[in-house]
Amino acid sequence: MLLIKNGRVLDPATKLDTMANVLIVKDKIVKIGSPREVGAKALELQRENGEEIREILADGLVVAPGFVDVHVHFRDPGLTYKEDIHTGSQAAAAGGYTTVICMANTKPPVDSVDVLRDLRMRAMDLPIHVLNAANVTVAMQGQKLTDMDALYEAGACGFTDDGVPISDERLMREALKKAKKLDVPISVHEEDPLLMNSPGVNYGDVSKQLGLGGAPAVAETVLVARDCLLNQDIDAKLDIQHISAGMTVDILRFMKKKGVNVYGEVTPQHLYATEQLVMKQGSLARVNPPLRTEADRQALIDGVVDGTLDMIATDHAPHAKDEKSKPIEDAPSGMIGLETAFALCNTVLVKSGRMAISDLCEKMSLNPARLYGLDAGRLYEGGPADLVLLDPEEEWTVTEADFHSKSKNSPFVGEQVTGRVKYTICDGKIVWA
Ligand code: DOR
């Protein structure tokens, strides 16, 4: 039995925000309430089963549902020199995540039942819940749909070709129809290759200074608008990944008002930083879609605050040191993000006074869980004991030692941030402290 004492307990689903104790037995929350109520329950259970009571003192801490990340790259199979499902899970636990969804741009990609089955088998022994999205198109080539029915049967929780966009709109329409029939999200990477000069750095001042072609915001916005329009009558759960441009927020706001079934993901890095980070950190800040301007960043924050953007997802994208040490034009795009996600978001959204911590928890747990129909993102009696304990006031400086990922490619080492994950509990077990 695990007794969490004297924390500020938040449940974004019911808007519960109260000082309380939480009692966990095995993998379930048994009681949330006053010290007296919870203490009585613990003693009653102890009399029944003789189990010892382990206590966590949560004074000054927020007790919230474990975070749910709908967008991570664990590089397994095939690219495990960057990350594997074990190190990725460890990084996730350290970041307060109890459920993650792995993207399918592995080697081979997750476009076949064989690859997916192997991943589903191996996910059973991990300290957190690791789910898999499968590919929309064969070999992520954008030419032919995968056998989405078979992949769904084999355990795919959703579909994505993340890393590359789906250019062919007829194929996209078929994919939306299929996702609708299966009632699972389809998550899309929106960067039109025909409009890209070079990926990873925003087209603008910084790309010009560095002599790079740059990735213009319009490459994102045209595909976002197109896919929302395609989905108007199909009504699939369309998830726009890692939104970077202010105009995309405007498009989503409009489309949602029109009743289009669309969801928006934004990353901590796009909320926290701008293209200027590329000048400071070089290839470590290269990411697709790129960090953009301050006006874009402010529009993303507005979108999170007003609910246009539904979820914060890390796009945790590990790359090896020698890959990221190359000149920026040759280095792969992407950055790790699980361990710093809460601190960056808490600093930029909560500490700044833009939103309440319970609303941040909603974006990091409840909303992603709801999109995927998961029993997660909530704290309730009888519900899963997947929790995170947070110190929203702790100030700290990010160091390489804070990362548990196999890769260390964060542009935020040295950054001073506020808010720290103190404990992560998954299935009633402490998986990070
Ligand atoms: O920068 C990125 N890197 N963006 C993506 O969408 C994919 C990711 C990766 O897999 O490295």
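All ligand and atom numbering here is 1-based and tracks the order in the structure.
- Ligand 1 has no nitrogen or oxygen under 3.5 angstrom from a nitrogen or oxygen of Pro289.
- The contact set between ligand 1 and His319, taken as ligand atoms under 4.0 Å from a residue heavy atom, comprises 11 (O).
- Of the candidates Arg75, His71, Lys82, Arg75 brings a heavy atom nearest to atom 11 (O) of ligand 1.
- Taken from CH2 in Trp396 to OG1 in Thr418, the straight-line distance is 10.5 Å, to the nearest 0.5 Å.
- Ring geometry for Phe412 versus Tyr272: interplanar angle over 60°, hence perpendicular rather than tilted (30 to 60°).
- To the nearest 0.5 angstrom, Gln281 atom CD is 8.0 Å from Ser410 atom OG.
- For atom 4 (N) of ligand 1, the nearest non-hydrogen atom from the set Asp162, Asp161, Asn288, Asn409 belongs to Asn288.
- Annotation for ligand 1: atoms under 4.0 Å from non-hydrogen atoms of Val287 are 1 (O).
- Every atom of ligand 1 is numbered from 1 in the order shown, and the set under 4.0 Å from a heavy atom of His242 is 6 (O).
- We find the CG-CD1 distance between Leu374 and Ile101 to be 6.0 Å, quoted to the nearest 0.5 Å.
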task: Show your reasoning for whether side chain to side chain donor-acceptor pair (under 3.5 Å) applies to Glu275 and Tyr203.
output: CA-CA 9 Å; Glu275 58 184 347; Tyr203 171 75; over 6 Å; no
From CA spacing to verdict: side chain to side chain donor-acceptor pair (under 3.5 Å), His270, Thr267: CA-CA 5 Å; His270 288 99; Thr267 73; 2.7 Å; yes
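- At a 4.0 Å cut-off, not a single heavy atom of Pro332 sits close enough to ligand 1 to count as contact.
- Those atoms of ligand 1 that come under 4.0 Å of a heavy atom in His73, given as number and element, are 7 (C), 8 (C), 10 (O).
- Of the candidates His189, Met103, Met335, the one placing a heavy atom closest to atom 6 (O) of ligand 1 is His189.
- Salt bridge absent: Asp310 and Arg370 never bring a charged side-chain N and a carboxylate O closer than 4.0 Å.
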